[in-house]
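Notes to accompany the following structure.
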Amino acid sequence: MGKKYFIKTFGCQMNFNDSERIRGILRTLGYEPAESWEEADLILLNTCTIREKPDQKVLSHIGEYKKIKERNPNALIAVSGCLAQRAGWELVQKAPAVDIMFSSFNMHQLPELINQAQAGYKAVAILEAPPEDEDAVWDFPTERDNPYCAYVTIIKGCDKNCTYCVVPKTRGKERSRSMYSILEEVKKLVDEGVREIHLLGQNVTAWGKDFERPIPFSELLYEVSKVDGVERIRFTTGHPKDLTDDTVEAMADIPQVCNALHLPFQAGSDRILELMDRKYTKEFYLDRINRLKEAVEDIALSTDIIVGFPTETDEDFEHTLDVVREVEFEQVFSFKYSPRPGTPAAEMEGQVPDEVKTERMSRLLELQKAIMGKLSKRYEGTVQKVLVEEERGEGTLIGRTTTNKWATFKGGRELLGKIVKVRVESASPFNLECELLEVVR
Ligand code: 5AD
Ligand code: SF4
């Protein structure tokens with residue numbers, strides 16, 4: 001009987017893509033996916049540590065998963081990702097059931113780590129910085145659930161050092177993947193039937209800056225669009241400061257690049273932005289947004305906001321609401337500020353009480369709910385192009401519009417993976433009820 005693995009992933013899309021790569025590595029080692037953790041020989045938690053909550057969730061999951069060892073004493077528990085990188089040995093001390101630990105720096109060493117753990121050693125490989133041979137990870141395949149849309153990591157790490165953020169510590173400095181390696185993966189994915197390529201990185205818009213001969217990110221967009229069979233391109237996450245005019249122009253110019261962008265602004269007050277070391281002002285951010293809206297027709301914008309950063313006053317917070325009102329984002333991901341060990345903001349005076357964060361958060365959510373209701377109504381009666389991704393019950397298909405909205409309509413399985421035109425009959429913030437018009441390709 002072959003061995004089985006179970007992976008639980010926390011955090012962002014980068015982490016999901018890392019898990020897809022880890023699944024590919026495990027397949028090359030002969031592992032098959034298990035239906036549930038109870039059946040697995042290897043349980044892996046790919047962790048996040050961006051806020052305190054994910055940290056707690058990981059620990060409680062380890063508490064549950066360690067019961068596997070009562071039934072299957074040879075079963076291994078592995079912890080990878082950002083919490084592993086941040087906490088290191090401290091985590092093994094807190095959770096001795098953990099056999100293997102590594103981070104995004106050394107996913108390619110997983111085969112050796114499993115061997116070590118099977119021989120009875122604690123296999124902990126947490127490095128200070130990415131190793132020289134980390135690019136070996138690209139030689140492994142990814143294993144994906146969605147056959148038509150694929151993530152492709154193009155840059156790792158972040159050089160921005162925002163004062164609240166733990167990511168530069170967990171993912172290291174910016175390292176762009178070579179154009180050649182990216183295009184090779186894109187070609188392979190298209191050959192496997194993928195139609196939508198989602199370029200990923202903590203800071204995608206900085207791609208290419210760290211090369212000996214820097215290449216602008218916009219050039220990568222053009223090159224990806226030239227790969228035969230790429231129907232759609234998305235990219236996340238960008239930093240407003242790196243969203244240059246040539247990137248905006250490329251978005252407008254390249255038909256495959258979707259009219260959607262996630263552009264975190266974090267806070268509206270210039271004073272708070274400065275304390276966060278975001279390197280832009282409210283005016284700069286709004287100017288970028290206006291430029292995008294002018295250039296890219298019907299662009300759908302989304303953002304991240306931190307509520308209750310140290311010293312944030314009601315007046316500061318009004319500036320955040322102002323930006324939300326002015327931009328009209330389709331989606332807002334808002335987070336209460338959570339102090340992260342070792343970051344400058346965690347040491348700042350004027351930490352905001354939780355009740356105040358909760359109250360500001362609910363005002364923000366209320367405002368956003370009204371905006372989402374209004375924006376979704378604008379879809380009614382329009383014609384949208386949808387990439388058909390899944391059958392949900394017999395004869396019902398779902399897929400996403402170029403603006404990243406889910407659309408539901410009647411149709412047969414033969415349309416899976418096709419781009420179709422639909423008319424929106426009724427719209428709510430999280431779903432468009434549509435009627436199928438025609439198959440585009
Ligand atoms: N507290 C709260 N939210 C945070 N984020 C990053 N660090 C923190 C923190 N310490 C949010 C930011 C980022 C998103 C991924 O998580 O909004 O864009
Ligand atoms: Fe979490 Fe950030 Fe790591 Fe993603 S990069 S898993 S959001 S800590």
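Nothing fancy with the numbering, it's 1 onward along the sequence. Side chains included, hydrogens not; waters and symmetry mates left out as well; all remaining heavy atoms used. Predicted model, so just to flag it, every value in this text is computed and none were measured. Whatever order the structure lists ligands and atoms in, that order sets their numbers, starting from 1.
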Do any nitrogen or oxygen atoms of Arg340 come within less than 3.5 Å of a nitrogen or oxygen of ligand 1? no
Which pair of heavy atoms, one from Arg234 and one from Thr401, lies closest together, and at what distance? NH2-O, 3.1 Å
Electrostatic pair Arg175:Asp159 at N-O distance under 4.0 angstrom: no
Please determine if Tyr337 has a nitrogen or oxygen closer than 3.5 Å to a nitrogen or oxygen of ligand 1. no
Worked check of ring-ring contact (aromatic ring centres under 6.0 Å, His included) between Phe217 and Trp207: CA-CA 5 Å; Phe217 172 64; Trp207 179 86; 7.1 Å; no
Ligand 1-proximal atoms of Ile50, by part, heavy-atom distance under 4.0 Å: both
Subset of ligand 1 atoms that lie under 4.0 Å from at least one heavy atom of Arg51: 1 (N), 2 (C), 3 (N), 4 (C), 5 (N), 11 (C), 16 (O)
Proximal candidate to atom 18 (O) of ligand 1 [heavy atom criterion; set Thr343, Val167, Asp304, Thr49]: Asp304
Less than 4.0 angstrom from a charged side-chain N to a carboxylate O is my criterion; do Arg27 and Glu143 meet it? yes
For the side chain to side chain donor-acceptor pair (under 3.5 Å) test, which of His108, Gln109, Lys156 pairs with Glu134? Lys156
Measure Tyr164 to ligand 1 on non-hydrogen atoms and call it side chain, backbone, both or neither using the 4.0 Å cut-off. both
Classify the ring geometry between His61 and Phe10 as parallel (under 30°), tilted (30 to 60°) or perpendicular (over 60°). perpendicular
Residue selection (non-hydrogen contact nearest atom 12 (C) of ligand 1) among His262, Gln266, His239: Gln266
